[in-house]
Amino acid sequence: MLVLQLEPVHPYSFSATTRRLDHFEKTAYLFREGFYYRTLHLKERAVVVGIGWDGGQILVEVEEELSEGEIQCLKGMIRRMFSLDVDLAPFYEQMKKEPRLAPIVESRRGLHFVLDPTLYECLIKTIISQQLNLSFAATLIQRLIEGTGDKVPFRGETLPVFPTPPQVARLEYEDLQRLQFNRRKAEYVIDISRKIVDGTLDLEGMKTLPDQLVTDQLVSLRGVGRWTAECLLLFGLGRPDLLPAADIGLRNALRKAYGLQWQPTEADVRQWGENWTPWRSYATFYLWDTLI
DNA sequence: GGCCAGGCTAGCA
DNA sequence: TGCTAGCATGGC
């Protein structure tokens, strides 16, 4: 068994960071004996990877034999997915000046984003989650994964692998409607997968583009609006200064944090959020965390 | 039973 | 350019 130790930039709280996996990522992550297991595509194949914590470092365990190239690939993926290189010290310093947010931030010290391994997985999951309550969205995501993706054996059972664009592109709209997708959502998911397969959409190429260009390209896709693009910048690319001001969850969290009797508008959120630049993503993330 | 879910598009004025 | 019905179902 291969075990890697990865040092995060401190402060880093593994328990605070993985807490949302237990709530929102149960289809992707299997929790066993202190480790979060999921399948990841390493170059040519999918393997099961366990992610744990030894009190100061991230532990990554893999039962299969890996080549040196695959090990380097895996290290890079885990560092990126678990935001191990994000230094939150300046964020905490800035939040001390926000009386309503300071206690929320302080009690979650070390909480980092967990990103999706690929932009494709992030985009598909976000489109499915549009407008639905999170538990039903998770059901639909699970049905897509289990019905379309590969499976990898793991300790006498199997773990599902998030489907590839070609696998989804081969589906018919009716296949997803049978899983209780509405017609339009089925079209969005399949049409976007087909665009990736035929080369007219290059998600991975967006990694190096500035936020606004990524947003422009994404919003031009049928099924992707501003909220979805912002979620991709947050949970796919880990960009630090996004404010999904229209998001109902963020507005609910602010109402709670500020003790309001009324629902803040998108404009309210934008105005308050100006003080959080250049850390608006993390401010949003910490506020979302109060809803769990 | 009704309304809201971590929205978006199409169709209408 | 701006507004809104409809979507497919679960949870409260």
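These numbers come from a predicted model, not from an experiment.
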Next item on the list: Please list every stem that involves DNA chain C, where a stem is a run of 3 or more consecutive Watson-Crick or G-U wobble pairs with both pairing distances under 3.5 Å.
Entry: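 Counting only runs of 3 or more consecutive pairs, the stems involving DNA chain C are B:2-5 with C:9-12, B:7-13 with C:1-7.
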
Check: Using a cut-off of 4.0 Å on non-hydrogen atoms, how would the nucleic acid contact of Phe285(A) be classed: base, sugar-phosphate, or nothing?
Finding: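 The residue Phe285(A) makes no contact with any strand.
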
Check: Under 4.0 angstrom, heavy atoms only, what part of the nucleic acid is Arg251(A) near: base, sugar-phosphate, or nothing?
Finding: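 Touches nothing.
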
Hey, what are the protein-to-nucleotides 4-6 of chain C N/O distances that come in under 3.5 Å?
{"from": "dG6(C)", "atom 1": "N2", "to": "Arg184(A)", "atom 2": "NH2", "distance (Å)": "2.3"}

Check: Does the side chain of Leu88(A) reach to within under 4.5 Å of the side chain of Trp279(A), using non-hydrogen atoms?
Finding: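 A side-chain contact under 4.5 Å exists here.
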
Next item on the list: Determine whether Leu74(A) and Ile71(A) make a side-chain contact, defined as any pair of heavy atoms from C-beta on separated by less than 4.5 Å.
Entry: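 Result no, sub-4.5 Å side-chain heavy-atom pair not found.
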
Check: What residue pairs, at least two apart or across chains, pass salt bridge (charged side-chain N to carboxylate O under 4.0 Å, His left out) with a residue in residues 110-124 of chain A?
Finding: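 Those involving residues 110-124 of chain A are Arg38(A)-Glu121(A), Asp116(A)-Lys125(A), Glu121(A)-Lys125(A).
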
Quick check against the 3.5 Å criterion: does [X] have a side-chain atom that pairs as donor or acceptor with the backbone of [Y]?
| X | Y | value |
| --- | --- | --- |
| Thr200(A) | Lys195(A) | yes |
| Lys43(A) | Glu70(A) | no |
| Tyr92(A) | Gly110(A) | yes |

Pair [X] + [Y], salt bridge at N-O below 4.0 Å:
| X | Y | result |
| --- | --- | --- |
| Arg178(A) | Asp175(A) | yes |
| Arg19(A) | Asp289(A) | yes |
| Glu274(A) | Arg280(A) | no |

Margin query: Heavy-atom nearest nucleotide on DNA chain C for Ser135(A) versus Gln177(A): which residue maps closer to 5'?
Written below: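 Looking at the nearest nucleotide for each, Gln177(A) comes out on the 5' side.
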
Notebook entry, point to check: Just checking, Arg100(A) and Tyr258(A): is the charged tip under 6.0 Å from the six-membered ring centre and within 45° of the axis?
Noted result: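 The answer is yes; both the distance and angle limits are met.
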
Please state how far atom [atom1] in [X] lies from atom [atom2] in [N], giving the value in whole angstrom units.
| X | N | atom1 | atom2 | value |
| --- | --- | --- | --- | --- |
| Asp247(A) | dC8(B) | CG | P | 10 Å |
| Asp289(A) | dG6(B) | CG | C1' | 14 Å |
| Gln142(A) | dG10(C) | CD | P | 14 Å |
| Leu179(A) | dG10(C) | CG | P | 13 Å |
| Asn182(A) | dA8(C) | CG | P | 4 Å |
| Gln263(A) | dG6(B) | CD | P | 11 Å |
| Phe181(A) | dC8(B) | CZ | P | 16 Å |
| Asp191(A) | dT9(B) | CG | P | 12 Å |

Notebook entry, point to check: Taking only residues two or more places apart in sequence or in another chain, which ones pass side chain to side chain donor-acceptor pair (under 3.5 Å) with Arg183(A)?
Noted result: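 Testing Arg183(A) for side chain to side chain donor-acceptor pair (under 3.5 Å), a comparison that skips the adjacent residues, returns Glu174(A), Gln177(A), Glu187(A).
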
Margin query: Quick check on dT9(C): is either OP1 or OP2 less than 4.0 Å from any side-chain nitrogen or oxygen of Gln180(A)?
Written below: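 So the side-chain polar atoms of Gln180(A) do come within 4.0 Å of the phosphate oxygens OP1 or OP2 of dT9(C), strictly under.
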
What's the gap between [N] and [M] when it is taken at their [atom1] atoms, as a whole Å value?
| N | M | atom1 | answer |
| --- | --- | --- | --- |
| dC12(C) | dG6(B) | P | 11 Å |
| dG6(C) | dC4(B) | P | 16 Å |
| dT9(C) | dA10(B) | C1' | 22 Å |

Determine whether more than 12 heavy atoms belonging to other residues, nucleotides or ligands lie under 6.0 Å from atom [atom1] of [X].
| X | atom1 | value |
| --- | --- | --- |
| Glu157(A) | CD | yes |
| Lys26(A) | NZ | no |
| Gln263(A) | CD | yes |

Next item on the list: Please assess Tyr29(A) against Phe24(A) for the test side-chain contact (heavy atoms from CB on, under 4.5 Å), listing each intermediate value before the final yes or no.
Entry: CA-CA 10 Å; Tyr29(A) 288 89; Phe24(A) 302 132; over 6 Å; no

Next item on the list: Please list residues of residues 211-229 of chain A whose heavy atoms come under 4.0 Å from any atom in DNA chain C, ordered by number; otherwise none.
Entry: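 The answer is none.
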
Next item on the list: Ignoring the backbone of Tyr188(A), work out which of dG6(B), dT9(B), dA8(C) is nearest its side chain.
Entry: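 Closest nucleotide to the Tyr188(A) side chain: dT9(B).
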
Check: Taking the side chain of Phe136(A) as heavy atoms from C-beta outward, which of dC7(C), dG10(C), dG7(B) is closest to it?
Finding: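 Of dC7(C), dG10(C), dG7(B), dG10(C) is nearest to the side chain of Phe136(A).
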
Notebook entry, point to check: For residues 118-134 of chain A, which residues have at least one heavy atom under 4.0 Å from DNA chain B?
Noted result: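 Under 4.0 Å from DNA chain B: Gln130(A), Gln131(A), Leu132(A), Asn133(A), Leu134(A).
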
